[in-house]
Every structure is written in structure tokens, then in C-alpha cells.
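Quick notes on the structure that follows.
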Amino acid sequence: DQQVKQNSPSLSVQEGRISILNCDYTNSMFDYFLWYKKYPAEGPTFLISISSIKDKNEDGRFTVFLNKSAKHLSLHIVPSQPGDSAVYFCAASEGSSASKIIFGSGTRLSIRP
Amino acid sequence: DSGVTQTPKHLITATGQRVTLRCSPRSGDLSVYWYQQSLDQGLQFLIQYYNGEERAKGNILERFSAQQFPDLHSELNLSSLELGDSALYFCASSVSQGGNTIYFGEGSWLTVV
């Protein structure tokens, strides 16, 4: 049973447009949510996070939205750039320990010229 | 470069064999985590060590074991290998045993034939 689901395995967006990556979760006890970005032949790197006490967190071109009632979060990238082409993992945890982080299966984002 | 070093980067071995994956955490990090990423799967947490002691256990098979040495490097031992063990194995590290900010290595590709 996947507690964190990324239902879109891939997404293609034109450069300069907005990229929206979606993630759903089932465990209402999750209180911390993260997005990781992974380039080929590299490990995942932390991108942005949000606590359950917030519904939005912004960092430059990246904004994460959390809808607790729908158990849904999304990552918005605007404007999308070629360097954003990567696999994006959504993750959630109950509590602050990294060992409790549950990752989704990832969405491959491709930014086309 | 995250500062987390994993060796080997690629490994091909036969079913029934045993392999050891090695991880050197970032300088100063005391916690080491191991994750498995199978095809089309998210990152599955296997086990965490903190300063030489096991701290948390996830979906780690009994055929797998790990340890963290006094110099803080860690090894993941996989034995009686099966085809389904073919995956990308990531090591990650963090300063403390809590906290969500972890830094991933580039991973070790294991192919069991």
C-alpha cells in the first residue's frame, strides 16, 4: 500500500511555462512534506519542504502547496527552465526523523525548448 | 557533489551470491541511512545507523544486513541474492539522528543475473 503516490510517471512542459507536479498521500498523520530532485547518475537532492501548519511555501521559482483536507500537495515551477529536467520525488514524514520519510515513485519532468 | 561517497557505482553478480556496498558519509555526519530504489518504485528506507548504533529499521530483508564502523563509514551486505534484489541502493547521511535534511550519495547499481 503506497502511502505517498505520484500518479504521473512523466510530464513534459515547454520552457518558460509553469510545471505542476502532483502528489497524494493517505496517512493523515504525516506532518512534514518534502520534494527531492534527482538528475541521472546522481543521488536525490533536497529541493523544498513544507510543514503541515502551512499551506504554501515558496523558494524562488519553486512553490509547494499543501491541501490537507484533500491529502494533496503540488510543486509549481515557474518559469520552467531546461535545467529543471529531472525526476522529482515527493516525500512525507510523520515527525522529524529522516528514517520516517516515505517517498513516492517519482515524476520525470522534461522541459522542451 | 553531496559529499556522500558510495562504492561501487555498478555491480553485476549472480543469484545466490553476496555483495557488500560501501558508504562514506559527509564529513561530520553521524547518521547513515540506506535506501533501495527498484524499477518504478520510490525510495524504500532500509535502515539507519547513528554513531555506530542501529537507530531505525525499515523494509530490510533478513538476507540484508548493515553496520557502521568507528570511522562512521557504513556497509550494506546483501546475501543469497535474488533477481528481485536488482536495484539502485542509495546511502544518505545527516548530522543528527533526527531531522529531515539528509544528503544522498550517487547510488550503487546492483544487477543480479
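In the text below, chain A, chain B and the rest are named by the order of the sequence lines, each starting its count at 1.
In terms of heavy-atom pairs under 4.5 angstrom with chain B, the leader among A:Pro44, A:Cys90, A:Gly104, A:Ser49 is A:Pro44. Each of A:Pro9, A:Ala41, A:Gly43, A:Ala91 has some count of heavy-atom pairs under 4.5 Å with chain B, and the biggest count is that of A:Gly43.
A:Tyr39 and B:Tyr35 fall into different hydrophobic clusters, where Ile, Leu, Val, Met, Phe, Trp and Tyr side chains are chained together by heavy-atom contacts under 4.5 Å. Hydrophobic clustering, with ILVMFWY side chains joined whenever heavy atoms are under 4.5 angstrom apart, groups A:Leu66 together with A:Ile102. Linking ILVMFWY residues whenever their side-chain heavy atoms come closer than 4.5 Å, directly or via other members, leaves B:Val4 and B:Ile102 in distinct clusters. Residues B:Leu11 and B:Trp34 are members of one and the same hydrophobic cluster, defined by side-chain heavy-atom contacts under 4.5 angstrom among Ile, Leu, Val, Met, Phe, Trp and Tyr. A:Phe65 is not connected to A:Leu73 by any chain of hydrophobic side-chain contacts under 4.5 Å among Ile, Leu, Val, Met, Phe, Trp and Tyr, and they are in different clusters.
Contact annotation for residues 13-22 of chain B against chain A (heavy-atom separation below 4.5 Å): no residues qualify. Contacts of residues 80-91 of chain B with chain A at a heavy-atom distance below 4.5 Å involve B:Leu88, B:Phe90, listed in sequence order. Scanning residues 103-113 of chain B against chain A with a 4.5 Å heavy-atom cutoff picks out B:Phe104, B:Gly105, B:Glu106, ordered by number.
Within 6.0 Å of atom CZ in A:Arg17, 12 or fewer heavy atoms from other residues, nucleotides or ligands are found, so the atom counts as exposed in its surroundings. More than 12 heavy atoms of other residues, nucleotides or ligands shown are found within 6.0 angstrom of CD1 on A:Ile18.
Legend: salt bridge (charged side-chain N to carboxylate O under 4.0 Å, His left out) pairs involving residues 92-113 of chain A, not counting sequence neighbours: none detected.
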